[in-house]
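Both backbone and side-chain heavy atoms feed into the values below; hydrogens, waters and symmetry mates do not. Keep in mind that what you see is a predicted model, and the values were worked out from it rather than measured.
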Amino acid sequence: MIVDARVLREDFVPSEVVHRHDEVNLLSESLEPLLAGHGTDPAFLFGPTGVGKTCIARYTLAQLREQDPDVRVAYVNCWQEYTRFRVLYSLLESIDQAVSIHRSTPKDELFGRLDDAGDRPLVAVLDEVDQLEETAVLYDLHRLPHVSLVLIANREEELFASFDDRVRSRLHAGTRVQFDRYGTDELVAILRERATQGLEPNAVRTEQLRTIAEAASGDARVGIGILRSAARRAKQAGDERVTTTVIESAIPDARTAIRQKTVEGLLEHQRVLYDMIEDTGEIEPGTLYERYEQRVEEPKTTRTLRNHLTKMVHYDLIESVGKHRGRRYRLVADDSDQSDEDS
DNA sequence: GCTCCACAGGAAAACAAGGGAA
DNA sequence: TTCCCTTGTTTTCCTGTGGAGC
């Protein structure tokens with residue numbers, strides 16, 4: 001059933017892109033000066049989750065490296081690496097310059113090392129850049145002539161609103177590449193490509209791919225997740241082909257798996273809060289703090305809990321409804337409609 | 001309109017942890 | 001071994017907002 005499991009992973013970069021040629025061309029053009037040994041303006045990739053921003057960035061940069069292997073590429077996911085120190089460290093790690101750097105190494109030294117590594121151009125791809133807590137690092141990187149920035153985020157307005165004036169004015173110039181949600185036919189084509197490479201011939205029919213695409217609501221990440229889950233289920237059942245029943249049961253799997261991955265990454269106290277919100281369905285802050293204090297042995301202060309709750313809202317795990325006294329926390333609905341609104 | 005209260009979030013201080021230097 | 005430096009996390013203090021009650 002499954003011929004090549006790598007193809008069914010979200011982070012797989014295909015050898016040919018489907019339905020994103022304009023976006024690839026625009027990004028390629030913005031990076032073209034690198035081939036002539038010049039620097040570039042920042043490139044911004046905007047669009048909702050699951051529209052192929054990261055995939056296209058990786059694909060385009062792989063193409064660029066084929067033309068000029070001297071160009072180095074570093075990917076940083078700002079969900080995990082959200083401080084100035086972590087971003088600089090990740091970039092240095094990507095170019096093998098992070099030796100003997102530790103927690104107490106001054107940030108200026110990290111910046112200095114990056115500055116010293118200017119013998120070859122470096123493209124720094126900052127994914128989920130709107131999650132950066134210290135956007136001054138963008139100013140730092142922009143100052144380095146050998147570093148080209150590719151910044152990936154959901155919405156332009158929200159990203160620029162989070163910048164301070166200095167960063168905003170520096171990064172104002174640059175190429176914007178806007179990604180729209182995939183239509184059902186486009187998503188079917190992407191899934192067909194993955195199925196052709198990853199599954200045995202005729203393992204899944206076109207109308208089944210259409211069912212998956214419709215359930216994914218334009219989100220390729222979810223669509224590929226459903227396909228992967230369906231293929232695994234069929235394999236476990238010993239079937240030679242994916243059945244419609246298997247697809248129907250795989251649809252909720254994909255969204256649950258994405259959420260579960262985020263929940264598993266929560267800190268202990270965040271997890272307690274998440275579980276309590278899940279248990280109650282909807283809860284007001286005062287009651288939540290009260291119950292939390294009863295449940296854990298060494299409770300954190302309410303200020304820390306507010307920080308945790310803010311983080312979980314950012315993670316799209318919970319949402320707050322109402323304001324001030326009428327505020328309630330609840331889990332983000334796990335259906336496609338909600339996903340559309342949030343993206 | 002005034003006061004009280006619940007709530008969110010910014011700023012700065014305090015603290016913990018890890019590593020280097022003496 | 002101790003002190004110092006740096007970072008990340010947590011706490012303390014504070015301000016702003018707006019609903020509820022009078």
Side-chain angles (χ1 to χ4, degrees), chain A residues 74 76-94 96-116 124 126 128-141 155 157-168 262-277 280-332 342:
Chain A
V76 180
N77 189 319
C78 300
W79 268 112
Q80 282 94 38
E81 321 301 339
Y82 48 82
T83 65
R84 187 181 173 214
F85 181 90
R86 290 189 187 185
V87 170
L88 293 174
Y89 182 85
S90 288
L91 293 174
L92 287 170
E93 205 173 27
S94 302
D96 299 324
Q97 296 292 323
V99 182
S100 76
I101 287 179
H102 45 77
R103 228 185 114 123
S104 52
T105 305
K107 283 181 277 198
D108 288 347
E109 190 184 323
L110 272 70
F111 181 69
R113 281 207 199 183
L114 207 52
D115 194 12
D116 292 342
L126 305 191
E128 312 270 9
V129 69
D130 42 353
Q131 298 305 319
L132 261 186
E133 287 186 0
E134 293 176 84
T135 58
V137 71
L138 299 176
Y139 180 79
D140 293 339
L141 296 173
R155 294 192 183 100
E157 312 79 55
E158 285 176 16
L159 177 65
F160 276 82
S162 68
F163 291 165
D164 62 41
D165 293 342
R166 195 179 56 164
V167 177
R168 198 176 298 132
T262 316
V263 170
E264 281 167 10
L266 293 177
L267 302 171
E268 181 193 345
H269 291 261
Q270 290 173 336
R271 186 62 188 265
V272 171
L273 291 169
Y274 179 85
D275 288 344
M276 286 197 300
I277 295 168
T280 53
E282 197 169 281
I283 189 168
E284 59 269 31
T287 312
L288 180 62
Y289 301 149
E290 218 170 88
R291 292 190 187 172
Y292 160 82
E293 283 175 339
Q294 290 166 0
R295 188 173 292 193
V296 302
E297 282 189 8
E298 292 179 25
K300 304 289 183 190
T301 61
T302 54
R303 182 68 188 90
T304 300
L305 298 193
R306 284 203 292 277
N307 285 338
H308 287 340
L309 290 167
T310 306
K311 276 270 182 203
M312 288 193 284
V313 170
H314 278 289
Y315 293 163
D316 238 6
L317 290 174
I318 64 169
E319 60 184 351
S320 63
V321 289
K323 284 189 174 180
H324 309 289
R325 287 193 169 183
R327 177 167 286 218
R328 299 275 192 282
Y329 287 104
R330 66 185 183 200
L331 297 194
V332 170
D342 294 339

Atom [atom1] of [X] to atom [atom2] of [N]: distance rounded to whole Å?
X	N	atom1	atom2	result
A/Leu88	C/dT6	CG	P	16 Å
A/Asn307	B/dG9	CG	P	9 Å
A/Glu293	C/dT11	CD	P	11 Å
A/Lys311	B/dG9	NZ	C1'	14 Å
A/Arg327	B/dG9	CZ	P	6 Å
A/Glu109	B/dG19	CD	C1'	12 Å
A/Tyr89	C/dT7	OH	C1'	14 Å
A/Tyr289	B/dA6	OH	P	12 Å

[X] side chain, from C-beta outward: closest of [options]:
X	options	result
A/Tyr329	C/dT11, B/dA8, B/dG9	B/dA8
A/Thr301	C/dT10, C/dT12, C/dG8	C/dT12
A/His308	C/dT10, C/dC13, B/dC7	C/dT10
A/Lys300	C/dG8, C/dT10, C/dT12	C/dT10
A/Glu284	B/dC7, C/dT11, C/dT9	B/dC7
A/Pro285	B/dA8, C/dG8, C/dT11	B/dA8

At 4.0 Å (heavy atoms only), tell me whether [X] reaches a base, stays on the sugar-phosphate, or touches nothing.
X	result
A/Thr83	sugar-phosphate
A/Thr310	sugar-phosphate
A/Arg86	sugar-phosphate

Roughly how far apart are [X] [atom1] and [Y] [atom2], rounded to 0.5 Å?
X	Y	atom1	atom2	value
A/Tyr292	A/His308	OH	NE2	6.5 Å
A/Leu132	A/Arg84	CG	CZ	12.0 Å
A/Leu91	A/Leu110	CG	CG	9.5 Å

Could you please spell out the steps behind the side chain to side chain donor-acceptor pair (under 3.5 Å) verdict for A/Thr287 and A/Glu284? CA-CA 6 Å; A/Thr287 312; A/Glu284 59 269 31; 3.0 Å; yes
Base of C/dG8 paired with side chain of A/Arg84 (donor-acceptor, under 3.5 Å):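 Flag unset: no donor-acceptor pair detected.
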Can you tell if the side chain of A/Arg330 reaches within under 4.5 Å of the side chain of A/Val321, non-hydrogen atoms only?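 Side-chain contact under 4.5 Å: yes.
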